[in-house]
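This report refers to the structure that appears directly beneath it.
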There are 2 protein chains.
Amino acid sequence: MKKSSQKYKFAAVAVDVVVFSIDNGELKVLLIEMKKKPYMGFWAVPGGLIKSDESLEQAAKRQLSAKAGLKNVYLEQLYTFGEVNRDPFGRVVSTAYFALIPSTGIKPKTSREYGDIRWFGVKNLPRLAYDHKNVISYALERLGAKIGYTNIVYGLLPREFTLSDLQKVYEIILSKKLDKRNFRKKVLSINLVKPASAKRGGAHRPARLYKFVKNRYHVVEIL
Amino acid sequence: MKKSSQKYKFAAVAVDVVVFSIDNGELKVLLIEMKKKPYMGFWAVPGGLIKSDESLEQAAKRQLSAKAGLKNVYLEQLYTFGEVNRDPFGRVVSTAYFALIPSTGIKPKTSREYGDIRWFGVKNLPRLAYDHKNVISYALERLGAKIGYTNIVYGLLPREFTLSDLQKVYEIILSKKLDKRNFRKKVLSINLVKPASAKRGGAHRPARLYKFVKNRYHVVEIL
DNA sequence: TCAAAAGTGTTCATGATACACCCATGT
DNA sequence: ACATGGGTGTATCATGAACACTTTTGA
């Protein structure tokens, strides 16, 4: 069809990483501003071609550490987009991942190769390059579904947190309010979190701090 | 690392299709016997490289029609396997799909390029090539999870079927018996199936025939 | 008349939902 | 003393689980 898609015996393989974090009461995505032509001024999810000696997952981790300076985050394969004409540069098959990082320690790395790199609220996205609008909405869908039956929110919270913090994360992702008593009853009944040492003071009554029992993916019925 | 993995600027992209069907009270997978060297005599899921002008999904459908003579089946992307050394022939990134086909009309196509092509019960698999043991168990896991909250079993049944047929499909996939009354109550309460015209006679009391309300993927809580 | 699968309701246990007040702290 | 978020229990409702007998047909 297109000239460029005939050019390679094999398609190019890339990864795209949808990085989510919660900040200022909002769910945000990390985006990079494009400098090159057909998408100049558009924004894209961090990504790039894989190297011949790295696995897909290694490539995704490399993107995370190169573009956002992040290691040890929750990372899950999302979907592989393989339409013929999705990339104007040629035939690129791209595997999307999504990553969750805690609100603390959000340090995007700017580089000369790309324009700006910034966080955007998911309800307020800029013009997106490629099929990245689809990629992000697919990631949002998956995230919303998976917080209901796995412990992946551990990726969005700091090591210690209050039950109110945890509840807020759920409310933000699901875009709806939850009942405080029912939420706490449920969470405390399923061995998801355990009390941490101290309490956190604020301007008001200090709250008990908790941490996750396991900081590794597992399946639990939560909602 | 390996010589062959350095040879291409881009990895090769392939698809593998795990084809499930139910036959003779068993869940079966379609496998092809390998003729070429390192895996001679081993069996593999149907698959192959994509062409430069077809999407991943088109490639998967092409495999289905070439290897099994099948069209219009339920097909879902499963996972993309991107380890560096998963294929001894070189760097191949492979997207696995899984397909569901009704027990009727199982007509595997033999070809000169491959050895035998046959159905195997999933509890009784032969020696498998590549990482196809993983691929199949991943597909089984997904299938078992998804029949609980979607209508995908429509892909495994003929156009008309009895409620007992439907229940058997669930029992086979989940490897456990279900209560007949509870199963029927649930199924009939969720607008999944509707009565079809006739009844089916057998050696015994004839059963009411049903068909699916929608023959297209959708989400419904079933179990 | 017998064998084999079809069909049908009720009870009980469990989990989900709805709901309102007092507490501890900093200012 | 007041404003702010932290923390707690009960009653009701809906859903899932367990369970056994009668019916229809062909042989």
Side-chain angles (χ1 to χ4, degrees), chain A residues 22 24-26 103 144-145 147-151 157-158 160-211 219-223, chain B residues 22 24-25 103 144-145 147-150 157-158 160-211 219-223:
Chain A
I22 286 186
N24 197 24
E26 250 192 313
S103 20
I147 58 168
Y149 66 95
T150 70
N151 69 337
L157 284 158
E160 305 197 337
F161 51 88
T162 68
L163 292 184
S164 299
D165 293 339
L166 181 60
Q167 185 176 340
K168 265 179 218 123
V169 170
Y170 274 89
E171 292 180 336
I172 290 164
I173 293 174
L174 301 174
S175 312
K176 69 173 178 192
K177 286 207 86 51
L178 300 174
D179 180 87
K180 184 163 49 159
R181 279 173 291 189
N182 293 337
F183 182 81
R184 294 161 103 92
K185 205 188 313 167
K186 191 64 190 287
V187 161
L188 294 173
S189 73
I190 56 177
N191 195 36
L192 178 70
V193 297
K194 62 184 175 195
S197 40
K199 303 199 174 192
R200 173 200 296 169
H204 313 294
R205 172 175 179 177
R208 172 101 250 175
L209 287 171
Y210 290 83
K211 56 186 171 184
V219 175
V220 215
E221 207 56 46
I222 295 174
L223 297 184
Chain B
I22 286 188
N24 198 23
S103 20
I147 57 168
Y149 66 93
T150 71
L157 284 158
E160 305 198 337
F161 52 87
T162 68
L163 292 184
S164 299
D165 293 338
L166 181 60
Q167 184 176 343
K168 265 179 219 123
V169 171
Y170 275 89
E171 291 180 338
I172 290 165
I173 293 174
L174 301 173
S175 312
K176 70 173 177 193
K177 285 206 87 49
L178 300 174
D179 181 87
K180 184 163 50 157
R181 280 174 289 190
N182 293 338
F183 182 81
R184 294 162 102 92
K185 206 187 315 169
K186 192 65 191 286
V187 161
L188 294 174
S189 74
I190 57 178
N191 195 36
L192 178 69
V193 297
K194 61 185 176 196
S197 41
K199 302 200 174 192
R200 175 200 294 170
H204 314 293
R205 173 174 178 177
R208 172 100 248 178
L209 287 171
Y210 290 83
K211 55 186 172 184
V219 174
V220 214
E221 208 56 47
I222 295 174
L223 298 181

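Per chain, numbering begins at 1; letters A, B, ... match sequence-line order.
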*Residues two or more places apart in sequence or in another chain: which of them pass side-chain hydrogen bond (donor to acceptor under 3.5 Å, both in side chains) with A:Ser189?*
none
*Do any pairs count as a salt bridge (charged side-chain N to carboxylate O under 4.0 Å, His left out) and have a residue in residues 160-178 of chain B, sequence neighbours left out, and if so which ones?*
B:Asp165-B:Arg200, B:Glu171-B:Lys177
*Is there a residue in residues 162-178 of chain B whose heavy atoms reach under 4.0 Å of DNA chain C, and which residues are they?*
B:Ser164
*Could you give all pairs that pass the ring-ring contact (aromatic ring centres under 6.0 Å, His included) test and reach residues 163-207 of chain B, with sequence neighbours left out?*
B:Tyr170-B:Phe183
*Please test A:Asn151 against A:Val219 for side-chain contact (heavy atoms from CB on, under 4.5 Å), starting from the C-alpha separation and ending with a verdict.*
CA-CA 6 Å; A:Asn151 69 337; A:Val219 175; over 6 Å; no
*asked:* Run the side-chain hydrogen bond (donor to acceptor under 3.5 Å, both in side chains) test against A:Glu26 and tell me which residues pass, sequence neighbours left out.
replied: none
_For B:Lys185, all residues meeting side-chain hydrogen bond (donor to acceptor under 3.5 Å, both in side chains), sequence neighbours excluded_ = B:Asn182
*Residue whose nearest DNA chain C nucleotide is more 5′ - B:His204 or B:Tyr210*: B:His204
_Contacts of type side-chain contact (heavy atoms from CB on, under 4.5 Å), residue B:Pro195, not counting sequence neighbours_ = B:Arg208, B:Tyr210
_Rounded distance (Å) that lies between atom P of C:dA5 and atom CG of B:Leu209_ = 17 Å
*Quick one: what's the B/S/- string for nucleotides 15-23 of chain C, heavy-atom cutoff under 4.0 Å, read 5' to 3'?*
-SBBBB--B
*Using a heavy-atom cut-off of 4.0 Å to chain B, what are the terminal contacting nucleotides of DNA chain D, in 5' to 3' order?*
D:dG16 to D:dG26
*Classify the nucleic acid contact of B:Arg208 as base, sugar-phosphate or nothing, counting any heavy atom under 4.0 Å across all strands shown.*
sugar-phosphate
*With sequence neighbours left out, what residues match A:Arg205 under side-chain contact (heavy atoms from CB on, under 4.5 Å)?*
none
*Can you name the residues that form a side-chain contact (heavy atoms from CB on, under 4.5 Å) with B:Ile172, not counting sequence neighbours?*
B:Ile22, B:Leu27
_Once rounded to the nearest 0.5 Å, what's the spacing between atom CD1 of B:Ile222 and atom CG of B:Leu192?_
5.0 Å
